Amino acid sequence: MTSTAAAPPPPRAYRRLSVEERRAQLLVAALGLFAHRAPDEVSLDEVAVAAGVSRPLVYRYFPGGRQQLYEAALGSAADELKLCFTEPPVGPPTERVGRVLDRYLRFVDEHDTGFSALLRGGSVVETSRTTTIVDGVRRAAAEEILSHLGRIGGAGGRGAGPRLRMMVRSWIAAVEAASLIWLDEGKQPPAAELRGWLVDHLIALLAATAATDEETAAVVRDLLALETPGGPAGRLAELVIPVVAEAAHLLPQATAAD
């Protein structure tokens with residue numbers, strides 16, 4: 001009697017990874033380690049184990065060793081971080097910035113130790129190239145924020161003047177500093193509260209700069225026309241106006257009347 005039992009399936013063919021796929025695999029493994037440890041504490045042996053490959057294979061793709069691997073991983077992380085600041089021009093500007101900050105703080109949360117080492121420059125593998133990569137993220141972030149404020153460079157665009165550009169870049173630096181302090185403080189307050197405070201910080205800086213810079217004043221007028229009472233700008237106005245009213249006696253008219 002002939003057996004009708006099904007034959008076992010043929011063994012699955014091994015697929016060799018392409019150069020690009022293998023390199024991406026090694027970068028993912030390296031980023032996983034750099035995310036939670038300072039770069040100089042991560043060895044190539046650990047990267048090889050995390051990727052499930054041999055140490056010589058890591059060297060084959062990154063002959064410059066840990067330095068080259070770190071710079072490549074940093075570039076990959078920088079590309080991911082830049083994407084955090086990309087937001088469609090839909091809805092009130094302050095709400096767009098809030099969504100940007102939500103993604104940014106999520107990135108900081110997921111890459112805590114590596115993020116700290118990177119921005120504090122405490123790693124022995126820091127070089128002018130790594131500094132350039134980080135500065136590129138800062139500049140890209142500033143350009144994205146300026147675009148949400150209606151100031152976009154390039155042919156036919158309305159580029160930002162020096163005061164407005166300085167203000168936005170100062171705010172980016174403040175966001176970085178707040179992120180590092182947030183990590184030092186055990187990620188307190190909750191990320192949502194930190195995000196709200198950082199949006200308020202941006203609005204306050206815009207208002208202060210608008211008082212002496214006509215370009216920023218025009219940006220603020222355009223921005224407020226797009227805001228809603230229940231949005232970040234409306235909420236902050238509701239909280240701040242009563243406080244500002246307490247300073248009425250400081251106005252020149254009030255002093256003259258006395």
Side-chain angles (χ1 to χ4, degrees), residues 84-85 87-105 108 119 138-139 141-153 157-258:
C84 292
F85 287 88
E87 177 69 25
V90 178
T94 57
E95 293 182 15
R96 296 180 220 158
V97 173
R99 291 191 290 271
V100 163
L101 287 171
D102 280 337
R103 289 193 295 271
Y104 174 82
L105 291 173
V108 173
L119 292 187
R138 293 169 178 146
R139 290 180 181 275
E143 291 302 318
E144 287 293 334
I145 296 301
L146 284 168
S147 74
H148 292 300
L149 298 178
R151 289 297 184 269
I152 307 174
R158 293 186 297 170
R163 290 283 299 280
L164 180 59
R165 185 172 292 278
M166 182 182 294
M167 187 228 79
V168 169
R169 293 192 66 184
S170 297
W171 180 74
I172 295 294
V175 169
E176 282 188 11
S179 301
L180 292 172
I181 296 170
W182 184 61
L183 293 176
D184 281 345
E185 295 293 330
K187 301 179 182 178
Q188 291 297 322
E193 290 184 23
L194 177 58
R195 177 252 294 146
W197 180 76
L198 289 172
V199 173
D200 289 349
H201 188 186
L202 177 60
I203 298 171
L205 281 174
L206 281 166
T209 308
T212 55
D213 181 62
E214 180 52 39
E215 180 200 10
T216 307
V219 167
V220 170
R221 286 193 293 270
D222 292 344
L223 182 149
L224 291 177
L226 299 172
E227 295 293 318
T228 61
R235 177 185 54 79
L236 185 61
E238 183 180 4
L239 294 172
V240 169
I241 288 175
V243 176
V244 174
E246 296 294 326
H249 66 287
L250 300 176
L251 298 177
Q253 300 91 323
T255 303
D258 292 342

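No experiment lies behind these values; they were computed from the predicted model shown.
The CD atom of Glu143 lies 9.0 Å from the CZ atom of Arg169; values are rounded to the nearest 0.5 Å. Rounding to the nearest 0.5 angstrom, the gap separating the CD atom in Glu176 from the OH atom in Tyr104 is 5.0 Å. Once rounded to the nearest 0.5 Å, the distance linking CG of Leu105 with CD of Glu193 reads 12.0 Å. Summarising the geometry, atom CD belonging to Glu144 is positioned 10.0 Å from atom CD1 belonging to Ile172; distances are rounded to the nearest 0.5 Å. Within the model, atoms CG of Leu205 and CE of Met167 stand 5.5 Å from one another, a figure rounded to the nearest 0.5 Å.
Between Arg163 and Thr212 the shortest side-chain heavy-atom distance falls below 4.5 Å.
Test Leu101, Val100, Asp200 against Arg195 for side-chain contact (heavy atoms from CB on, under 4.5 Å) and you get one pass: Leu101. The side-chain contact (heavy atoms from CB on, under 4.5 Å) with Thr94 is formed by just one residue from the set Thr228, Leu202, Leu226, Val199; it is Val199. Residue Ile203 is tested with Val220, Leu223, Leu224, Leu236 for a side-chain contact (heavy atoms from CB on, under 4.5 Å); the sole match is Leu236. The one candidate from Glu214, Glu215, Glu227 that meets the salt bridge (charged side-chain N to carboxylate O under 4.0 Å, His left out) condition with Arg221 is Glu214.
In plain terms, the two heavy atoms of Arg96 and Pro88 that are nearest each other are CD-O, 3.6 Å.
Scored by the salt bridge (Lys or Arg N to Asp or Glu O under 4.0 Å) test, Asp213 finds no partners at all (sequence neighbours excluded).
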